[in-house]
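Let me begin by presenting the structure, written as structure tokens, before commenting on it.
Protein chains get the first letters and strands the later ones, always in sequence-line order, with residue 1 at the start of each. Note that these values count all heavy atoms, side chains included, but never hydrogens, waters or copies made by symmetry.
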Protein chains: 2
Amino acid sequence: MSISPDVTIKRGVPQHMTKPQLERVERVPSRRERVREATLSEIKAIARSHLVEHGVAGVSLRAIAREMGMTAPGLYRYVSGIDSLLVLITADMFDELAAAVSDADASVPAEDTDRRINTSLRAFRGWALEHPAEFAVMFGPRKRLEQEVDLTPAVEAGSRFGATFFTLFERLIDEARFELPDSGRVTPELARELRAFAVTCGFAGSETSVEAMMVLSSCWVRLYGVVCMEVFQHLDFVMRDMEPLFESELQNVLTGLGVRYEAPQSNETATISTPD
Amino acid sequence: MSISPDVTIKRGVPQHMTKPQLERVERVPSRRERVREATLSEIKAIARSHLVEHGVAGVSLRAIAREMGMTAPGLYRYVSGIDSLLVLITADMFDELAAAVSDADASVPAEDTDRRINTSLRAFRGWALEHPAEFAVMFGPRKRLEQEVDLTPAVEAGSRFGATFFTLFERLIDEARFELPDSGRVTPELARELRAFAVTCGFAGSETSVEAMMVLSSCWVRLYGVVCMEVFQHLDFVMRDMEPLFESELQNVLTGLGVRYEAPQSNETATISTPD
DNA sequence: CGCTGTTCGCTAACGGCGTTCACTAAAGCG
DNA sequence: CGCTTTAGTGAACGCCGTTAGCGAACAGCG
């Protein structure tokens with residue numbers, strides 16, 4: 001067991017510290033480390049492309065190795081197996097999705113909470129539609145009885161993604177946009193789960209109420225529902241274009257949140273263009 | 001191409017006609033047909049058990065054949081490949097799910113629409129939780145870029161499943177339980193899609209309005225969302241027990257539909273017991 | 001420079017998979 | 001009975017993940 005792949009060699013530097021001043025002090029990543037990092041990136045990139053082109057079942061170590069001009073066993077120096085490779089790229093994809101949403105969010109004036117929310121949520125759907133294979137891996141069923149493989153990288157990235165929306169939601173709470181449901185509606189059991197939710201997701205310290213968490217959950221479930229249904233094509237035989245339904249749900253959800261609904265621009269949501 | 005598996009030999013008998021009187025008239029299924037049917041059933045049964053035990057990736061023709069005491073190529077007499085076998089059992093599972101919901105529905109007095117709906121929807125979730133592997137195949141992402149394989153059996157069974165709920169929903173419309181949303185809320189594009197929906201699902205002739213279809217879609221999407229999220233375990237790291245959230249969503253949806261929400265019985269929803 | 005321990009990538013191999021093809025043996029049927 | 005259709009087999013092809021052992025390249029050090 002002299003080999004231990006999948007362990008990102010962390011430099012023990014807190015991420016919020018700026019890198020440049022530390023690089024010389026701590027460690028300049030040795031040549032070996034750099035080339036190693038590069039091959040790992042190549043592996044993930046090719047895996048990703050195979051995922052897109054042939055679906056998750058079409059991702060194979062042998063094919064990746066072939067495309068890289070090496071042999072499959074060699075990849076085991078970088079990755080402890082196909083499953084953990086999938087977990088790795090899943091983590092990357094979550095980060096990418098989070099970035100896509102953040103970018104969209106950042107493209108509108110920070111004070112315009114309403115438009116920011118409209119935009120962010122549409123960005124989520126947009127990314128999902130543009131990356132159905134990725135979305136399936138990220139939000140679809142857990143493939144195996146994955147007791148075996150370590151999911152933490154993906155889960156962590158997933159949390160980072162969630163945080164993107166949580167911040168926006170917190171703004172809504174601060175601005176007291178919507179009426180909280182009667183506290184009678186929240187059963188003790190639900191309250192317990194929601195508190196756990198709040199704690200795990202970081203806004204424990206704030207005065208975030210259980211009722212607010214319930215609203216958040218409900219909204220998230222609804223959006224997840226429409227988008228899943230669209231990407232997984234479960235209404236395909238009955239409905240050609242799911243966008244109107246998504247917009248309708250979005251409108252319902254937003255008005256429930258006291259957020260102004262804005263009809264989408266005629267050009268695609270993916271395009272980030274400054275409105276006139 | 002002398003072989004043509006996967007084609008259920010239909011006897012051209014409408015299902016609503018009683019069988020016995022016709023059997024002799026039309027065709028008594030020959031001995032050969034009977035044994036053939038039996039082996040096909042065995043194949044599907046074993047496939048199903050492997051699906052449950054090892055997930056969808058764990059279903060393999062070779063393993064099935066092994067367990068049956070035959071060799072893999074022999075299975076090709078019954079099934080045109082692993083993919084179409086999966087489609088076949090998916091169809092069966094949809095019928096089974098539909099039956100489970102129907103049974104639950106039938107276990108409460110026919111006039112008590114409210115309780116019937118409570119019960120049916122909980123039955124849906126219950127079945128999903130008891131059969132996560134099946135649910136993943138039925139409601140998860142379409143595995144391949146399945147241009148190749150013929151999905152019709154599964155799609156048809158899926159429609160039958162949908163019909164289970166549609167009938168209940170029609171009752172709600174007839175009883176005029178809920179207020180329809182302003183027709184201004186339905187964009188022309190959405191209206192078009194919803195009409196297609198209504199037509200494909202059979203209640204075209206009735207006076208079912210586009211607005212009603214919008215409500216139905218919205219409700220279905222929400223329930224699908226919670227259940228998917230629970231079965232796919234996407235909030236696992238944040239929430240232990242999803243039942244309270246489901247119940248909360250159910251309550252929201254039902255009150256929106258003008259249906260009385262009934263708290264679940266203390267014993268599990270799966271258990272069908274006559275209330276006192 | 002040469003020496004030494006580590007990392008890398010290879011070959012070979014095992015067992016599993018889906019699928020095709022040519023073939024035999026059995027079953028059905030006139 | 002003989003002929004046709006069908007069920008099932010064995011061998012083969014080409015994939016796959018994964019393990020084990022080996023040699024070559026490399027990094028660091030005296």
Take the protein atom [atom1] of [X] and the nucleotide atom [atom2] of [N], then report the distance between them rounded to whole Å.
X	N	atom1	atom2	result
A:Leu75	C:dC10	CG	C1'	12 Å
A:His54	D:dC15	NE2	C1'	14 Å
A:Arg34	C:dC8	CZ	C1'	17 Å
B:Ile64	C:dT19	CD1	P	11 Å
B:Leu40	D:dA7	CG	C1'	14 Å
B:Arg36	C:dA26	CZ	C1'	15 Å
B:Glu33	D:dA7	CD	P	11 Å
A:Ile82	C:dG16	CD1	C1'	15 Å

From the list [options], which nucleotide is the closest neighbour of the side chain of [X]?
X	options	answer
B:Arg32	D:dC26, D:dG17, C:dG28	C:dG28
A:Arg66	D:dG10, D:dC15, D:dA20	D:dC15
B:Tyr76	C:dT19, D:dT18, C:dC23	C:dT19
B:Arg77	D:dG8, D:dG17, C:dC10	D:dG8

Do the ring planes of [X] and [Y] sit parallel (below 30°), tilted (30 to 60°) or perpendicular (above 60°)?
X	Y	answer
A:Phe197	A:Phe166	perpendicular
B:Phe94	B:Phe139	perpendicular
A:Phe161	A:Phe165	perpendicular

Heavy atoms only, 4.0 Å cut-off, all strands: where does [X] land among base, sugar-phosphate and nothing?
X	result
A:Gly69	sugar-phosphate
B:Ala63	sugar-phosphate
A:Thr71	base

- Query: Between the base of C:dG28 and the side chain of B:Arg31, is there a donor-acceptor distance below 3.5 Å?
  - Reply: no
Margin query: Can you say whether a donor on the side chain of B:Arg62 sits under 3.5 Å from an acceptor on the base of C:dG16, or the other way round?
Written below: no
key: 5'-most by nearest nucleotide on DNA chain C - B:Leu61 or A:Met70   =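 That would be A:Met70.
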Worksheet item: Taking only side-chain nitrogens and oxygens of A:Tyr78, does any of them come within less than 4.0 Å of OP1 or OP2 of C:dT7?
Response: no
Looking at A:Ser80 and A:Tyr76, would you say the former's side chain and the latter's main chain have a donor-acceptor pair under 3.5 Å?
no
Is the closest basic N to carboxylate O distance between B:Glu243 and B:Arg122 below 4.0 Å?
-> no
